[in-house]
Visitor: 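Here it is, the structure, as structure tokens.
Throughout, a chain's letter reflects where its sequence line sits, starting with A, and its residues are numbered from 1. In this text the structure is predicted, and so the values were computed from the model without any measurement.
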Number of protein chains: 2
Amino acid sequence: MVSGRGGGGGGPGGRTAQARPRQSDIARAAGVSQTTVSLVLGGNKAGVVLAEDTKRRVLEAAESLGYAPDPVATRLASARNDMLGLFTFSATFPTEVAHSYYPVLVGVEEEAAALGQDLILFTGSSGAASRAADPAAVRRVRVADGCLFFGRHVPTEQIERLARDGYPFVYIGRRDELGERVPYVGADYVPASAEVVRRLADLGHRRVRYVRENDDAPASADRERGVLAGARECGIDTDGLVVRTDGSDITAERVRAWRAEGVTALVTEETDTAAALSALTGAVEAAGLDCPRDVSLAVLGDPPASGSAFAHISGFTVPRREMGRRAVRLLVELVTGDPGLPAPPLQQLVPCEPVPGRTIGPAPSPAP
Amino acid sequence: MVSGRGGGGGGPGGRTAQARPRQSDIARAAGVSQTTVSLVLGGNKAGVVLAEDTKRRVLEAAESLGYAPDPVATRLASARNDMLGLFTFSATFPTEVAHSYYPVLVGVEEEAAALGQDLILFTGSSGAASRAADPAAVRRVRVADGCLFFGRHVPTEQIERLARDGYPFVYIGRRDELGERVPYVGADYVPASAEVVRRLADLGHRRVRYVRENDDAPASADRERGVLAGARECGIDTDGLVVRTDGSDITAERVRAWRAEGVTALVTEETDTAAALSALTGAVEAAGLDCPRDVSLAVLGDPPASGSAFAHISGFTVPRREMGRRAVRLLVELVTGDPGLPAPPLQQLVPCEPVPGRTIGPAPSPAP
DNA sequence: CTGAAAGCGCTTACAG
DNA sequence: CTGAAAGCGCTTACAG
């Protein structure tokens with residue numbers, strides 16, 4: 001048996017901890033049974049009729065004792081506790097990608113609060129020791145009714161285990177590798193990317209370079225798909241259009257050479273590392289080119305920091321906040337969903353918002 | 001009775017949930033009792049001696065059944081749950097003050113992960129309806145072993161109730177109003193503020209204006225205290241030194257008048273609203289003054305955004321991340337602390353880091 | 001060395 | 001309208 005209540009703990013003042021009140025304490029105070037307390041406080045889903053006076057006494061006792069239900073017990077007994085998990089696959093909150101992470105969190109938090117859900121933050125690995133591979137890490141999420149997953153390095157096997165057990169979860173970000181029944185909320189990169197190319201075409205650009213990273217992320221694949229689709233639609237040369245890079249080989253010379261070939265617009269993508277983006281902007285600057293006078297420049301996704309020289313770069317923004325919101329909404333639907341009812345769309349894409357910016361302009365004469 | 005296993009739930013795929021194996025299933029398979037299974041799998045903290053053969057049989061059965069312990073039940077049965085709460089007194093995560101909030105969260109999350117604690121995020125009010133005054137809102141935190149409080153508008157009464165019950169909590173940010181036994185981790189504004197004044201004095205400045213907000217926050221009081229102490233120490237005129245404002249009355253004319261009076265340096269403070277800071281920087285710009293050529297400028301606390309014209313403003317940074325870390329450490333000490341052992345320092349101040357910046361320079365001639 | 005039993009704090013049929 | 005009882009899946013003294 002466990003020693004249980006009244007034990008140490010030593011609260012803030014070093015004072016002896018007072019045990020939290022439970023339903024049985026309320027029952028004693030109100031002179032009713034613990035069952036009745038549960039009925040009164042638990043929302044009374046079964047529609048049981050209770051005497052007004054009983055209700056009042058129970059509520060008063062609960063109030064004066066400062067009662068708060070134990071969500072762990074609630075969940076063990078009922079399979080619900082109105083808590084949602086948010087699991088990130090990194091040792092800590094990504095400091096580097098603060099700009100991309102925070103808005104998601106804001107959206108998640110907003111919608112969770114709106115839906116009366118608390119949020120439990122889990123991290124992939126605890127301390128330096130255990131890696132994200134630790135199976136126990138992912139398993140912990142089961143304390144919540146359902147969980148949001150967010151991040152690059154996904155322990156597929158662990159997640160599949162959860163899926164097999166019917167545990168509700170939603171990915172933030174598109175996932176290919178897990179099949180078509182895996183719920184996610186992603187950004188709709190394809191049309192947004194095509195639209196950027198279309199804008200360039202409308203301004204007279206015919207030769208473009210799309211500088212993307214060597215990355216297999218669905219986001220990168222989608223953007224390339226959109227760029228190619230837009231190019232084909234608008235009669236932009238797709239030959240040599242896509243350039244893969246780790247950043248190191250995008251130099252001022254290369255950019256000048258493109259200009260000499262008649263390239264008038266450059267497009268790149270935003271990622272965690274910003275390798276392609278910073279290499280390209282650096283090369284454009286080093287080449288002494290002005291945007292959009294000498295060459296137009298666009299980025300697929302948000303620029304890295306508002307402080308940089310390219311703070312007003314054209315392109316589109318990723319609807320991170322809305323993705324967070326939608327992911328929560330979907331997760332709650334999965335958690336509360338009646339198995340008989342039609343399921344909500346499991347895989348959702350949120351439109352990206354075009355950013356006019358100041359780095360796109362009419363195509364200059366083909367050769368400088 | 002609850003329907004329990006195998007029930008609906010309808011996981012991500014809407015597939016029927018498969019019942020997870022539990023200790024009793026393993027027990028049956030291995031021909032031992034459920035207690036023994038718990039002993040074998042549960043780390044065996046009590047140091048009970050078990051037959052090797054029994055262990056092996058249990059482990060094999062667990063493996064072949066794909067057993068994963070139910071963290072909910074584990075936590076209910078053991079006294080602690082290794083969850084820490086983080087309660088913020090605002091409807092949602094502060095979007096405006098993302099820059100000041102996020103680093104704290106990073107620190108909290110880092111240290112919590114390092115100490116094997118999960119994090120529950122609570123917000124003061126859920127949705128638009130309930131205000132932070134809602135007693136139930138604060139009460140919810142009791143589900144965690146202890147809680148961090150963060151934000152300006154603090155429902156003192158609710159917190160005192162927690163304190164009385166011996167519930168462990170720690171404030172992030174200094175708190176005067178709650179007495180000397182209230183645990184907090186704050187920024188050490190006084191010496192950092194004095195140091196900024198000292199730097200100005202060393203550069204020859206003798207007449208200074210400190211433009212602060214009309215705010216009773218401990219942070220504001222501390223900064224003023226530090227400014228005054230530094231001024232007295234360095235022989236800077238304290239007469240008219242401190243200027244309180246809501247932002248509206250800091251104009252280009254006023255700044256020019258100060259210059260005419262011989263003021264060569266301006267100091268302001270960072271707050272949630274940034275009212276004083278943005279008013280002052282706006283007025284300096286409008287007055288056509290260059291920093292530090294015409295006037296030196298410093299801010300007590302971080303500048304608002306890296307993108308602004310004053311991204312390189314001199315002053316100091318608030319050690320938000322370290323505050324988050326320390327707060328978690330203190331809280332865990334309070335939660336796990338042996339009441340017999342000496343308590344850790346309940347009120348801790350973390351040093352601020354000086355930021356050289358580019359807006360402080362030698363004092364120009366007293367009159368322009 | 002192992003098992004029967006109580007208990008963690010709830011929910012939910014079921015019987016008064 | 002209310003209460004006694006079983007149960008969620010574990011942990012932990014305690015008794016063999």
Visitor: Does a nitrogen or oxygen in the side chain of B:Thr35 sit under 4.0 Å from OP1 or OP2 of C:dT2?
Guide: no
Visitor: Is any side-chain N or O of B:Ser78 closer than 4.0 Å to OP1 or OP2 of D:dC10?
Guide: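 Result: no.
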Visitor: Check the distance between D:dG3's C1' and A:Ile26's CD1 and give it to me in whole angstrom.
Guide: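 Atom CD1 in A:Ile26 sits about 17 Å away from atom C1' in D:dG3.
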Visitor: Check this for me: does any side-chain nitrogen of one of A:Arg56 and A:Glu52 sit under 4.0 Å from a carboxylate oxygen of the other?
Guide: no
Visitor: Regarding D:dA4, can its base be found pairing with the side chain of A:Ser33 as donor and acceptor, where the two atoms are less than 3.5 Å apart?
Guide: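 Looking at the base of D:dA4, it does not pair with any donor or acceptor on the side chain of A:Ser33 (distance under 3.5 Å).
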Visitor: Looking at C:dG9, I'd like to know if its phosphate oxygens (OP1 or OP2) sit under 4.0 Å from a side-chain N or O belonging to A:Thr74.
Guide: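 Indeed not, no polar side-chain atom of A:Thr74 lies that close.
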Visitor: Does the distance from a Lys or Arg side-chain N to an Asp or Glu carboxylate O, for B:Arg22 and B:Asp70, drop under 4.0 Å?
Guide: no
Visitor: Whether the A:Ser38 and A:Thr35 side chains hold a donor-acceptor pair (N or O, under 3.5 Å, no angle test) is what I'd like checked.
Guide: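 Side chains of A:Ser38 and A:Thr35: no pair found under 3.5 Å.
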Visitor: With heavy atoms under 4.0 Å as the rule, sort A:Val32 into base, sugar-phosphate or nothing.
Guide: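 Sugar-phosphate only.
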Visitor: Rounded to the Å, how far apart are B:Gln34 CD and C:dA6 C1'?
Guide: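 Nearest whole value for this atom pair: 12 Å.
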Visitor: Whole angstrom is fine here: how far is it from CG in B:Leu39 over to C1' in C:dA4?
Guide: 13 Å
Visitor: So which nucleotide does D:dA13 pair with, by the Watson-Crick or G-U wobble rule with both distances under 3.5 Å?
Guide: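 Across any shown strand, D:dA13 pairs with none.
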Visitor: Checking base pairs now: Watson-Crick or wobble, both atom distances under 3.5 Å. What partners C:dA4?
Guide: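 None - no nucleotide pairs with C:dA4, as no candidate has both distances under 3.5 Å.
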Visitor: Could you give the CZ-to-P distance, from A:Arg142 to D:dG9, as a whole number of Å?
Guide: 12 Å
Visitor: Should B:Tyr67 be listed as having a side-chain N or O under 4.0 Å from OP1 or OP2 of D:dG9?
Guide: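 Looking at the OP1 and OP2 atoms of D:dG9, neither is under 4.0 Å from any side-chain N or O of B:Tyr67.
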Visitor: Can B:Val141 and B:Phe169 be said to form a side chain to side chain contact (heavy atoms under 4.5 Å, CB included), step by step?
Guide: CA-CA 10 Å; B:Val141 306; B:Phe169 64 86; over 6 Å; no
Visitor: Whole angstroms only, please: what is the CZ-C1' distance between B:Arg22 and D:dC8?
Guide: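 So the CZ-C1' distance, B:Arg22 to D:dC8, works out to 8 Å.
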Visitor: Give a yes or no answer on whether the side chain of B:Asp118 reaches the backbone of B:Met83 with a donor-acceptor pair at less than 3.5 Å.
Guide: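 Not a single qualifying donor-acceptor pair exists.
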Visitor: Roughly how many Å is it from CD in B:Gln23 to C1' in D:dC8, rounded to a whole number?
Guide: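 These atoms are roughly 13 Å apart.
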Visitor: Mapping A:Asp70 and B:Lys55 to their closest nucleotides on DNA chain C, which lands nearer the 5' end?
Guide: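 In this pair, the answer is B:Lys55.
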Visitor: Provide, to the nearest angstrom, the distance between the CZ atom belonging to B:Arg28 and the C1' atom belonging to D:dG9.
Guide: 13 Å
Visitor: Ignoring the backbone of A:Ala51, work out which of D:dT2, D:dT11, D:dC8 is nearest its side chain.
Guide: D:dT2
Visitor: Quickly work out the A:Leu41 CG to C:dT12 C1' distance and round it to whole Å.
Guide: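 The distance from CG of A:Leu41 to C1' of C:dT12 comes to 15 Å, rounded to the nearest Å.
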Visitor: For B:Thr36 and C:dT2, is the shortest distance between a side-chain N/O and OP1 or OP2 below 4.0 Å?
Guide: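 For C:dT2, neither OP1 nor OP2 has a side-chain N or O of B:Thr36 closer than 4.0 Å.
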